[in-house]
Asker: 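Take a look at this one; I'll ask things after.
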2 protein chains.
Amino acid sequence: MKSEKISEAVVRRLPVYLRYLNDLNKREVSTVSSQELGLKLDLNPAQIRKDLAYFGDFGRKGIGYDVSYLIEKIRHILNLDQQINAVLVGAGNLGHALSNYNLYLRENIKIVAVFDENPKKVGSRISTLTVQSMDEISDTIKGQNIRIGIITVPDVEAQNVADKLITAGIEAILNFAPTILKAPANIRIHAADFTTDLLSLAYYLDNGKDDSADDGEHKDK
Amino acid sequence: MKSEKISEAVVRRLPVYLRYLNDLNKREVSTVSSQELGLKLDLNPAQIRKDLAYFGDFGRKGIGYDVSYLIEKIRHILNLDQQINAVLVGAGNLGHALSNYNLYLRENIKIVAVFDENPKKVGSRISTLTVQSMDEISDTIKGQNIRIGIITVPDVEAQNVADKLITAGIEAILNFAPTILKAPANIRIHAADFTTDLLSLAYYLDNGKDDSADDGEHKDK
DNA sequence: TAGATTGTTAATCGATTAACAATC
DNA sequence: TAGATTGTTAATCGATTAACAATC
């Protein structure tokens, strides 16, 4: 166990480990090696061992990792051994999808309030929640100990919403709007904009449009 | 302009550039410098210049980049100067959200068919499309020149759906299910699973649970 | 004991950033 | 000409992978 700064790449792999470990747990597999994890998750076993070793000596030489124990440890590292309250801003299609998805992921992150700017949507139901007016956002965040904000509003409104969330004391934001949010350094922002994923995917489509024989690898044209 | 292999990190930034350039274009700004782009997109100007230089000499020394010209070039690099057909598998909440979102992004990637395994959903409408039975997936993909598959089914079904898409000749997959898909190396797969983003976000929440004074940076405990 | 597998160091690989000549 | 900004090389930084002693 070392005392280095943990890189974002490492942190992003932790939920992936956790997901598969939960799978193993359900199937009552009690032990797993970095080798097997690597195989299933398309990762280098040495990388997995190194990632985990940043946080502690969780494995046993010659044996591997105890599945339940490792789950517990990763959940602790990710702060998931407590309930984390989140708020959703934007009661559109995506907002609906997310609040339903919420039921799926049983990982202690709970959407406890939904807001929308549109007066016509205020008062309507989303899953078990009632859409609230933006006026109430600050009070709700403070009153209900809400720490994560999820933004699913159109891109032009995203920064404005982020500012309100930050003013109200939110600590982290998951931003689905296709825009780069500006925020103080102590606010953590993750971009969840799938248009970037989709457009970059198009790059890899193999086009027979190049003059020379195309070997499937992209080069300059 | 060099003939190196382009890294995935570079490719993923291209849509981000494109998005902001489109913004500038709408505001009738005709020229932009790497400096200004860097400021707006939270990227190093040298990195932006280097990224673009992989594909050609698009800028002018002392001047910067012509916005319209750069848009055209990036769209070409990303294969967006042609219509790319995509198929959506999974007519749930997320599927609904995506097919509506589709209208937003005017970037030539078009969802032209929707499939669902559930017979009750087959025949229903999503946006302008009618949900089709999975039996028809192969014929539709081949017949309509569909090149990208978008998976929004529950995780247990995702691999099965991916296999069908691949057999039918799809070239790339955007996977919203929280699972690592196995596929041949020539199939490009991008993970768009936001649970990973959300759970990793929780890591950065500042917990006053450490014994020593917490400076806001994460270390081992 | 022999085989397996961790934790960790060292080596490698790749990506980002700084610096600057070229030039608009 | 002077100021601005590119394209590109070199330097730096960081992340991944290989290798192996420790040990179950």
Side-chain angles (χ1 to χ4, degrees), chain A residues 1-14 16-17 21 24 29-70 73-74 77 200 203 217-221, chain B residues 1-14 16-17 21 24 29-70 73-74 77 200 203 217-221:
Chain A
M1 163 152 43
K2 314 208 248 74
S3 212
E4 300 170 35
K5 184 110 176 287
I6 309 297
S7 83
E8 190 176 325
V10 174
V11 175
R12 283 191 169 265
R13 282 191 291 269
L14 295 179
V16 179
Y17 301 152
L21 290 166
L24 290 175
V29 178
S30 63
T31 295
V32 69
S33 68
S34 60
Q35 166 100 161
E36 191 196 326
L37 281 169
L39 219 59
K40 293 290 181 183
L41 304 176
D42 282 342
L43 294 171
N44 184 298
Q47 182 171 64
I48 295 174
R49 294 199 298 279
K50 200 161 196 272
D51 283 356
L52 297 174
Y54 281 116
F55 304 99
D57 290 0
F58 301 148
R60 281 210 293 165
K61 293 188 172 71
I63 307 290
Y65 299 89
D66 182 90
V67 172
S68 311
Y69 180 69
L70 192 52
K73 286 300 182 183
I74 294 179
I77 294 162
S200 64
Y203 172 83
E217 295 209 332
H218 261 269
K219 325 178 274 253
D220 64 301
K221 74 214 142 347
Chain B
M1 162 152 47
K2 314 210 243 70
S3 212
E4 300 170 36
K5 186 109 176 285
I6 309 297
S7 83
E8 190 177 326
V10 173
V11 175
R12 283 191 170 267
R13 282 191 292 268
L14 295 178
V16 179
Y17 301 152
L21 289 165
L24 290 175
V29 178
S30 63
T31 296
V32 69
S33 69
S34 60
Q35 167 99 158
E36 191 197 326
L37 281 169
L39 219 59
K40 293 291 182 182
L41 304 177
D42 281 342
L43 294 170
N44 182 299
Q47 182 172 63
I48 295 174
R49 293 199 298 278
K50 200 162 196 270
D51 283 356
L52 296 174
Y54 281 117
F55 303 99
D57 290 2
F58 300 148
R60 281 209 295 166
K61 293 188 172 74
I63 309 288
Y65 299 90
D66 181 273
V67 173
S68 311
Y69 181 69
L70 193 51
K73 286 301 181 182
I74 294 179
I77 294 162
S200 63
Y203 171 83
E217 295 210 332
H218 260 268
K219 324 179 271 257
D220 62 303
K221 73 214 142 345

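So you know, we letter chains A, B, ... as the sequences are listed, proteins then strands, and number each from 1.
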Asker: With the side chain counted from C-beta on, respond yes when B/V11 and B/I77 share a heavy-atom pair under 4.5 Å apart, and no when they do not.
Answerer: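 No, side chains not in contact.
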Asker: Select base, sugar-phosphate, or nothing to describe what A/R49 touches, counting heavy atoms under 4.0 Å on all strands.
Answerer: base
Asker: Among the nucleotides C/dC24, C/dT8, D/dT6, which one has an atom lying closest to any side-chain atom of A/D57?
Answerer: C/dT8
Asker: Looking only at side-chain atoms of B/S34, point me to the closest of D/dT6, C/dT6, C/dT16.
Answerer: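 For B/S34, the side-chain atoms sit closest to D/dT6.
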Asker: Taking the side chain of A/A46 as its heavy atoms from C-beta onward, which of D/dA19, D/dT9, D/dT5 lies nearest to it?
Answerer: D/dA19
Asker: When both hydrogen-bonding distances must be under 3.5 Å and the geometry is Watson-Crick or G-U wobble, what is D/dG14 paired with, if anything?
Answerer: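 Check on D/dG14: paired to C/dC13, both distances under 3.5 Å.
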Asker: Measure the distance from OH on A/Y69 to C1' on C/dT6 and round it to the nearest whole Å.
Answerer: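 So the two atoms are 14 Å apart, to the nearest Å.
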Asker: Between A/S7 and B/G62, who's closer to the 5' end of DNA chain D by nearest nucleotide?
Answerer: B/G62
Asker: Whole Å only: how far is the CD atom of A/Q35 from the P atom of C/dT5?
Answerer: 7 Å
Asker: I'd like to check A/L70 versus A/Y17 (side-chain heavy atoms, cut-off strictly below 4.5 Å). Are they in contact?
Answerer: no
Asker: Rounded to whole Å, please give me the gap between CD in B/Q47 and P in D/dG7.
Answerer: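 To the nearest whole Å, that distance equals 15 Å.
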Asker: Any idea which heavy atoms bring B/V67 and B/L21 closest together, and the distance?
Answerer: CG1-O, 3.5 Å
Asker: I want to check something: taking the side chain as every heavy atom from C-beta on, are A/Y65 and A/R49 in contact at a cut-off of under 4.5 Å?
Answerer: yes
Asker: Measure from CZ on B/R12 to P on C/dG14 and round the result to the nearest Å.
Answerer: 18 Å
Asker: With a 6.0 Å cut-off (strictly less than), is the heavy-atom count around CZ of B/R60, excluding the residue itself, greater than 12?
Answerer: no
Asker: Rounding to an integer number of Å, can you tell me how far A/L37 CG sits from D/dT17 P?
Answerer: 15 Å
Asker: Is C/dA22 paired to anything, Watson-Crick or G-U wobble with both distances less than 3.5 Å, and if yes, which nucleotide?
Answerer: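 WC or wobble partner is D/dT5.
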Asker: Which listed nucleotide (C/dT9, C/dC24, C/dT17) is nearest to the side chain of B/K50?
Answerer: C/dT17
Asker: Ignoring backbone atoms, test whether B/Y65 places a side-chain nitrogen or oxygen under 4.0 Å from the OP1 or OP2 oxygen of C/dC24.
Answerer: no
Asker: Round to a whole Å and report the spacing from NZ of A/K61 to C1' of D/dC24.
Answerer: 9 Å
Asker: How many Å lie between CG on B/D42 and C1' on C/dT17, as a whole number?
Answerer: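 In whole Å, C/dT17 C1' lies 16 Å from B/D42 CG.
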Asker: Taking atom P of D/dT6 as reference, at what distance in whole Å does atom CG of B/L70 sit?
Answerer: 11 Å
Asker: Just compare D/dT16, C/dG7, C/dT5 and give me whichever is closest to any side-chain atom of A/R13.
Answerer: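 Nearest to the side chain of A/R13 among the choices is D/dT16.
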